[in-house]
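All remarks here apply to the structure that follows.
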Protein chains: 2
Amino acid sequence: MVAQSTGADAKNPIQVIERMMKLLDVLSYYHDPVSLKQLALETGLHPSTAHRILAAMGATGFVERGEPGSYQLGIRLLELGNLVKSRINIRDSALPLMQRLHQEIGESVNLGVRQGDEIVYVERTSSGRSSVRVVHLVGARAPLHVTAVGKLFLLEDGLPALREYAKRTGLPGLTPNSLTSLPALSRELDKVRRHGVAFDNEEIEQGLRCIAAPIRDDSGDLVAGLSVSAPAERHSANWAPLVKQTADDISAAIGYVKPDQPAARR
Amino acid sequence: MVAQSTGADAKNPIQVIERMMKLLDVLSYYHDPVSLKQLALETGLHPSTAHRILAAMGATGFVERGEPGSYQLGIRLLELGNLVKSRINIRDSALPLMQRLHQEIGESVNLGVRQGDEIVYVERTSSGRSSVRVVHLVGARAPLHVTAVGKLFLLEDGLPALREYAKRTGLPGLTPNSLTSLPALSRELDKVRRHGVAFDNEEIEQGLRCIAAPIRDDSGDLVAGLSVSAPAERHSANWAPLVKQTADDISAAIGYVKPDQPAARR
DNA sequence: GAAGGCCGTATCATATTGTGAAACCCAGCC
DNA sequence: GGCTGGGTTTCACAATATGATACGGCCTTC
């Protein structure tokens with residue numbers, strides 16, 4: 001008797017539910033149907049108990065039974081998942097985290113999405129703290145290759161698409177620092193890949209620098225970029241980890257899970 | 001005491017889980033955050049009980065708490081849902097149901113997906129029952145406008161795209177019955193829309209008729225068509241409901257939920 | 001500004017609920 | 001045929017979740 005539970009328990013989260021989650025964890029770990037024995041083994045539950053819980057979940061479509069004694073995640077989860085997805089909204093999910101970042105850094109934090117060959121800024125922290133309020137109003141647009149956020153998208157596109165973009169747009173320069181040649185831009189994107197964050201070093205506007213990190217949705221698609229923009233003299237490269245972390249947090253909030261660490265919680 | 005449960009219970013599906021599902025049902029019904037009271041009311045659970053269960057679910061990400069006492073479905077469901085989605089495979093899900101249909105009708109049952117301007121058949125029931133085995137081998141291709149399955153996709157595309165298709169392909173005819181003019185094809189698609197199934201009346205091959213119904217995935221996209229093909233003399237229009245039903249069953253199996261009846265189960 | 005609701009959360013004795021050892025059953029295998 | 005090894009079902013037991021009650025914010029009302 002008594003739970004010989006492997007891990008620690010938070011408070012009193014109804015053992016049944018906790019066990020249920022354990023089972024779902026195991027099921028989500030193996031993409032193929034799992035046998036009862038296996039489940040019982042890995043969760044540390046009695047086969048009997050596991051069976052009972054699984055049966056209950058089966059009745060509601062949480063799990064499906066193929067061969068008797070063989071279980072896998074059920075479509076009901078897909079239904080519910082889609083419901084969640086439909087209510088998720090990047091701006092709303094991002095805003096609180098953006099504000100947190102804004103508190104920490106004290107500079108403008110922006111959320112930009114791609115629209116064709118441009119980045120459009122859809123959200124911006126609007127505290128009055130910073131006296132010199134630089135930059136992008138909400139709704140502002142800018143070419144991909146001169147913005148930090150835009151570079152994230154260009155990298156995602158891959159080299160062939162980058163070439164087309166270059167040909168299509170001619171890579172216009174807005175400041176002396178703008179990267180207006182394909183090789184220069186390509187090298188820059190390589191840097192972005194290595195760092196996981198992108199920079200804009202006075203490429204769109206003199207005296208303005210940016211750092212941006214990618215935000216991905218539940219299917220792994222790059223859906224937005226989070227950027228901090230500040231006057232060049234106040235800019236600090238130390239922000240990079242913070243920006244990246246915040247972007248990751250937002251990604252998580254909208255359902256992104258790192259490819260290597262699947263949905264399993266434990 | 002005693003469960004004053006509204007509905008009937010299957011066997012002994014662990015009350016807690018059943019209750020949990022009730023809560024999820026209510027949560028999935030309202031797309032916005034729901035208050036504890038509301039939940040308790042609609043599920044018939046004691047506020048205290050509801051609270052406890054919700055807390056447990058909250059600990060695992062099944063539900064999220066915004067304002068205290070305000071609950072909504074959590075991202076964990078999205079994670080699990082995506083896992084389910086990734087393992088779902090139309091062919092595998094469709095096959096058993098196709099075989100069932102094949103039993104009932106005794107004619108070839110085919111599964112076709114779109115590939116550019118063609119339908120390609122990716123699965124076919126292969127019982128030896130019917131001596132005269134007509135039709136499409138797996139892997140066979142055919143233009144959209146002369147196949148029942150193809151018409152489903154053309155209808156989905158809408159009129160403008162249909163015009164482009166017509167211009168692009170020239171609507172070649174394969175038999176005297178083929179519809180080779182835009183007006184004729186457009187009228188035909190109207191029929192498809194009204195009936196919910198599409199027909200092919202010896203349009204691809206003399207003496208061969210088909211009925212097809214649409215298969216949709218969890219996001220409502222048309223992903224395949226299910227068709228029954230038979231020699232014209234054996235063909236029966238009575239199959240239509242059966243084909244439609246089977247296609248609907250397959251859709252359900254891969255996560256499609258009818259738009260008007262959301263994920264709620266009860 | 002105090003009183004009164006209202007709603008979410010925490011407490012705790014109670015008995016209803018889920019538990020798990022053992023029995024059962026069904027295949028497949030020696 | 002008997003045996004092993006899984007899945008499923010049973011059942012007496014007590015640990016478990018239950019829900020009446022109490023608590024504590026917060027807002028509205030008077």
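Note on naming: letters A, B, ... go to the chains in the order of the sequence lines (proteins, then strands), and numbering restarts at 1 for each one. These numbers were taken from a predicted model, which means no experiment stands behind them.
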Original post:
By side-chain hydrogen bond (donor to acceptor under 3.5 Å, both in side chains), which residues pair with A:Ser219, not counting sequence neighbours?
Top reply: A:Asp217
Original post:
How far apart are the closest heavy atoms of B:Ala148 and B:Ile211, and which atoms are they?
Top reply: CB-C, 4.2 Å
Subject >> Contacts of A:Glu42 that satisfy salt bridge (charged side-chain N to carboxylate O under 4.0 Å, His left out) - sequence neighbours left out >> reply: none
Subject >> Pairing residues for B:Asp218 by the salt bridge (charged side-chain N to carboxylate O under 4.0 Å, His left out) criterion, not counting sequence neighbours >> reply: B:Lys85
Nearest-angstrom distance from the residue atom [atom1] of [X] to [atom2] of [N]:
X       : N      : atom1 : atom2 : result
B:Glu18 : C:dT17 : CD    : P     : 11 Å
B:Leu54 : D:dT18 : CG    : P     : 12 Å
B:Ile17 : D:dT16 : CD1   : C1'   : 14 Å
B:Leu23 : D:dA17 : CG    : P     : 15 Å
B:Arg19 : D:dA17 : CZ    : P     : 12 Å
A:Glu67 : C:dG28 : CD    : C1'   : 14 Å

Original post:
Side-chain N or O of B:Arg52 less than 4.0 angstrom from OP1 or OP2 on D:dT18?
Top reply: yes
Original post:
For B:Thr49 and D:dT18, is the shortest distance between a side-chain N/O and OP1 or OP2 below 4.0 Å?
Top reply: no
Original post:
Are the side chains of A:Arg141 and A:Tyr121 in touch, meaning some heavy atoms are under 4.5 Å apart?
Top reply: no
**OP:** Give the B/S/- string for nucleotides 5-10 of chain C, one per nucleotide from 5' to 3', where a protein heavy atom under 4.0 Å of the base yields B, of only the sugar-phosphate yields S, and otherwise -.
**Re:** --SSBB
Original post:
Got a sec, which pairs hit salt bridge (Lys or Arg N to Asp or Glu O under 4.0 Å) with one end in residues 28-37 of chain A, sequence neighbours left out?
Top reply: none
Subject >> Sequence neighbours excluded - salt bridge (Lys or Arg N to Asp or Glu O under 4.0 Å) pairs with any residue from residues 60-70 of chain A >> reply: A:Glu64-B:Arg87
Subject >> B:Pro47: side chain to side chain contact (heavy atoms under 4.5 Å, CB included) partners, not counting sequence neighbours >> reply: B:Ala40
Table of protein N/O atoms under 3.5 Å from nucleotides 23-26 of chain D N/O atoms:
none

Between side-chain atoms of residues 238-254 of chain A and protein atoms elsewhere (two or more places apart, or another chain), which donor-acceptor pairs fall under 3.5 Å?
| unit_1 | atom_1 | unit_2 | atom_2 | d |
| --- | --- | --- | --- | --- |
| A:Gln245 | NE2 | A:Asp249 | OD1 | 2.9 |
| A:Thr246 | OG1 | A:Leu242 | O | 2.9 |
| A:Asp249 | OD2 | A:Arg100 | NH2 | 2.8 |
| A:Ser251 | OG | A:Arg216 | N | 3.0 |
| A:Ser251 | OG | A:Ala247 | O | 3.0 |

